[in-house]
J.: 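Sharing a structure here in structure tokens format.
These numbers were taken from a predicted model, which means no experiment stands behind them.
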Amino acid sequence: MQDSFGRNIEYLRVSITDRCNLRCVYCMPEEGIKKLDREKILSFEEIIKIVKACASLGIRKIRYTGGEPLIIKGIENLIHETSIIPGIEDIAITTNGILLYDMAQDLKKAGLKRVNISLDTLNEDKYRKITRGGDLRKVLMAIEKCIEIGMTPVKLNVVLIRGLNDDEVIDLMNLTMNMPVEVRFIELMPIGEGVKYYDKGEMSTEEIINSYPSLIPVENNLHSTANLYKLKNAKGNIGFITPLSCKFCDNCNRIRLTSTGTIKPCLHSREELDIRRYVENEAMLIEVLKTAISSKPKEHYLNSESISRSEKDMYQIGG
């Protein structure tokens with residue numbers, strides 16, 4: 001289905017929980033979050049009904065996010081049920097990777113095609129600092145496991161923060177030399193906990209690209225959020241995601257479903273549409289989804305306002 005600006009909306013990101021087993025400094029409060037009552041969170045059955053309705057409107061790609069989606073018991077069942085919905089062609093997850101090593105094989109068997117793994121540093125001490133207690137070794141093992149079983153390309157999400165991990169850019173790039181991974185450098189966004197780090201920590205991906213003239217441009221998919229490059233003779237690619245310095249709203253093809261059952265037509269908009277109440281009425285659900293897609297704004301306003309309009313933090317939206 002097309003939105004009011006002629007963009008073909010075919011991608012749904014689904015946050016299945018706002019909880020996480022890490023407390024990354026730019027994402028989660030150190031003390032954690034107030035746990036929502038279970039009945040306030042969408043059940044797998046409700047999610048599947050919404051995905052089916054979305055598929056009837058042309059949604060082809062599903063990404064499950066959190067919080068951390070792998071902490072939810074039975075997620076492989078959700079992925080399997082999603083994989084058999086007519087029209088759904090691609091299923092991915094975004095994860096911190098801590099639990100992924102032991103789950104990767106079952107997830108692939110269930111129908112998972114790809115993974116995005118958060119990896120902001122290759123230094124164990126710094127990883128514990130950024131994540132407030134995470135074990136980097138578990139993440140590196142999970143990356144190797146996904147490559148081993150053919151769930152590639154594995155995408156590694158690096159949030160750039162000046163003074164924290166900008167000294168590791170070349171080390172992270174070099175992962176692509178011998179591994180079929182896509183290392184994606186993402187500009188820090190002034191949303192939620194990220195606001196605390198933005199003034200001192202913000203840096204543009206253009207700054208990095210200009211610092212490494214050896215980067216070779218790679219042809220991009222129209223709807224990719226990353227501008228792709230590679231190092232000479234590398235097995236993988238390097239991506240730069242620029243939601244602030246060079247936003248990609250013109251080609252945005254996605255909407256977002258929060259864990260509490262609201263549709264966010266734009267990540268940085270405060271507008272949300274509660275669709276949970278319509279889950280048991282497929283015809284009404286489809287009509288409300290049409291309204292949500294039609295209401296997708298032309299662009300976000302981060303550049304001019306320097307802060308997200310979203311009233312939710314990133315862990316509540318799923319990125």
J.: To the closest 0.5 Å, what do you measure between OG1 (T17) and CG (L42)?
T.: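 Output value for this atom pair is 11.0 Å.
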J.: Ignoring hydrogens, what is the shortest heavy-atom contact between C54 and L12? Give both atom names and the distance.
T.: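 For C54 versus L12, the nearest heavy atoms are SG-CD2, 3.9 Å.
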J.: Please examine the side chains of V25 and E193, heavy atoms only from C-beta on, and report whether any two atoms are closer than 4.5 Å.
T.: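 The answer is no, as the side chains (C-beta and beyond) never meet within the 4.5 Å cut-off.
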J.: Test T242 against E206 for side-chain contact (heavy atoms from CB on, under 4.5 Å), laying out the working first.
T.: CA-CA 8 Å; T242 59; E206 184 179 5; over 6 Å; no
J.: Side chains of I71 and L99: does their closest heavy-atom pair fall under 4.5 Å?
T.: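 The answer is yes; the side chains approach within 4.5 Å.
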J.: Applying salt bridge (charged side-chain N to carboxylate O under 4.0 Å, His left out), can you list everything that pairs with R7, at least two apart in sequence or on another chain?
T.: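 If we apply the salt bridge (charged side-chain N to carboxylate O under 4.0 Å, His left out) test to R7, skipping adjacent residues, the hits are D3.
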J.: Show which side-chain atoms of residues 119-126 pair as donor or acceptor with protein atoms under 3.5 Å away, not counting sequence neighbours.
T.:
from, atom 1, to, atom 2, distance (Å)
D120, OD1, V159, N, 2.8
D120, OD2, Y26, OH, 2.5
T121, OG1, N123, N, 3.0
T121, OG1, E168, OE1, 3.2
T121, OG1, E168, OE2, 2.4
N123, OD1, D125, N, 3.0
N123, OD1, K126, N, 2.8
D125, OD1, R128, NH2, 2.2
K126, NZ, L164, O, 3.0
K126, NZ, D167, OD1, 3.1
K126, NZ, E168, OE2, 3.0

J.: Could you give the distance from CD1 (I293) to CD1 (I59), rounded to the nearest 0.5 Å?
T.: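 Spacing of CD1 (I293) from CD1 (I59) equals 5.5 Å.
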J.: Should the pair K49-E46 be classified as a salt bridge under the 4.0 Å nitrogen-to-oxygen rule?
T.: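 No, K49 and E46 are not salt-bridged.
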J.: Which pair of heavy atoms, one from S4 and one from K296, lies closest together, and at what distance?
T.: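 What the structure gives for the nearest pair is OG-O, 4.3 Å.
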J.: Starting at OG1 of T258, measure out to CD1 of I16 and round the result to the nearest 0.5 Å.
T.: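 The CD1 atom of I16 is 12.5 Å from OG1 of T258, to the nearest 0.5 Å.
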J.: Please find the pair of heavy atoms, one from I263 and one from A292, that lie closest to each other, and give the distance.
T.: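 Heavy atoms only, the tightest pair is CG2-CB, 3.7 Å.
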J.: Sequence neighbours left out, what passes side chain to side chain donor-acceptor pair (under 3.5 Å) with R60? Give chain and number order.
T.: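 Not a single residue meets the side chain to side chain donor-acceptor pair (under 3.5 Å) criterion with R60.
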J.: I'd like to check M203 versus I208 (side-chain heavy atoms, cut-off strictly below 4.5 Å). Are they in contact?
T.: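 A side-chain contact exists here, since the closest heavy-atom pair is under 4.5 Å.
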J.: Any chance you could measure N96, atom CG, to N116, atom CG, to the nearest 0.5 Å?
T.: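 One finds 12.5 Å between CG of N96 and CG of N116.
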J.: Hey, what else clusters with M141 if you join Ile, Leu, Val, Met, Phe, Trp, Tyr whenever side-chain heavy atoms sit under 4.5 Å?
T.: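 When side chains under 4.5 Å apart are linked, the cluster holding M141 also contains Y101.
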J.: Could you state the interatomic distance from NZ (K61) to CZ (R13), rounded to the nearest 0.5 Å?
T.: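 Nearest 0.5 Å value for the NZ-CZ distance: 8.0 Å.
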J.: Side chains of V288 and R277: closer than 4.5 Å at any heavy-atom pair?
T.: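 SC-SC contact between V288 and R277 ruled out.
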J.: Only counting residues at least two apart or in another chain, list the ones meeting side chain to side chain donor-acceptor pair (under 3.5 Å) with T95.
T.: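 With neighbours one apart ignored, the set is E68.
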J.: Name the atoms and distances for all side-chain donor-acceptor pairs under 3.5 Å in residues 144-158, with sequence neighbours left out.
T.:
from, atom 1, to, atom 2, distance (Å)
N157, OD1, R184, NE, 2.9

J.: Considering residues at least two apart in sequence or located in another chain, which fulfil the salt bridge (charged side-chain N to carboxylate O under 4.0 Å, His left out) criterion with D166?
T.: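 Not a single residue meets the salt bridge (charged side-chain N to carboxylate O under 4.0 Å, His left out) criterion with D166.
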J.: NZ of K52: more than 12 outside heavy atoms within 6.0 angstrom?
T.: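 No, NZ of K52 has 12 or fewer neighbouring heavy atoms, counting only those of other groups under 6.0 Å.
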J.: How far apart are the C-alpha atoms of I275 and L257, what are their side-chain angles, what is the distance that settles it, and do they pass the side-chain contact (heavy atoms from CB on, under 4.5 Å) test?
T.: CA-CA 9 Å; I275 65 169; L257 173 65; 3.9 Å; yes
J.: For Y127, enumerate each residue passing the side chain to side chain donor-acceptor pair (under 3.5 Å) test, keeping only those at least two apart in sequence or located in another chain.
T.: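 Once residues adjacent in sequence are excluded, Y127 has no partner under the side chain to side chain donor-acceptor pair (under 3.5 Å) criterion.
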J.: Assess the residue pair R276 and T260 against the criterion (side-chain contact (heavy atoms from CB on, under 4.5 Å)); give the C-alpha distance rounded to whole Å, side-chain angles, the decisive distance to 0.1 Å, and a yes or no.
T.: CA-CA 8 Å; R276 191 178 191 181; T260 54; 5.8 Å; no
J.: Applying side-chain contact (heavy atoms from CB on, under 4.5 Å) to K113 and S83, what does each step give before you reach the verdict?
T.: CA-CA 10 Å; K113 301 293 186 183; S83 72; over 6 Å; no
J.: Share the residues that join L228 in a hydrophobic cluster, the rule being Ile, Leu, Val, Met, Phe, Trp or Tyr side chains under 4.5 Å apart at the heavy-atom level.
T.: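 Once heavy-atom contacts under 4.5 Å are chained together, L228 belongs with V218.
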J.: Quick check on E39: does its CD atom have over 12 non-hydrogen neighbours (other residues, nucleotides or ligands) under 6.0 Å away?
T.: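 Result for CD/E39: enclosed.
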J.: What pair of heavy atoms forms the shortest contact from M179 to I143, and how long is it?
T.: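 Reported closest heavy-atom pair: CE-CG2, 3.6 Å.
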J.: Tell me every residue that passes salt bridge (charged side-chain N to carboxylate O under 4.0 Å, His left out) with D90, counting only those two or more places apart in sequence or in another chain.
T.: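 Salt bridge (charged side-chain N to carboxylate O under 4.0 Å, His left out) list for D90, sorted by chain: R114.
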J.: Same cluster or not: are F5 and I9 linked, directly or through other Ile, Leu, Val, Met, Phe, Trp or Tyr residues, by side-chain heavy atoms under 4.5 angstrom apart?
T.: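 They do not share one cluster, since no chain of ILVMFWY contacts under 4.5 Å joins F5 to I9.
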J.: State whether the number of non-hydrogen atoms from other residues, nucleotides or ligands found under 6.0 Å of E207 atom CD is greater than 12.
T.: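 Yes, CD of E207 has more than 12 neighbouring heavy atoms, counting only those of other groups under 6.0 Å.
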J.: Under the ring-ring contact (aromatic ring centres under 6.0 Å, His included) test, which residues partner Y229, sequence neighbours left out?
T.: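 ring-ring contact (aromatic ring centres under 6.0 Å, His included) list for Y229, sorted by chain: F240.
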J.: To the nearest 0.5 Å, tell me how far M1 CE sits from K290 NZ.
T.: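 Answer for the CE-NZ pair, M1 versus K290, is 6.5 Å.
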J.: Taking salt bridge (charged side-chain N to carboxylate O under 4.0 Å, His left out) as the definition, give me every residue that meets it alongside R23, ordered by chain and number, with sequence neighbours left out.
T.: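 If we apply the salt bridge (charged side-chain N to carboxylate O under 4.0 Å, His left out) test to R23, skipping adjacent residues, there are no hits.
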J.: Measure across M173 and Y212 and return the closest heavy-atom pair with its distance rounded to 0.1 Å.
T.: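 Scanning both residues completely, I find the closest heavy atoms to be CE-CD1, 3.9 Å.
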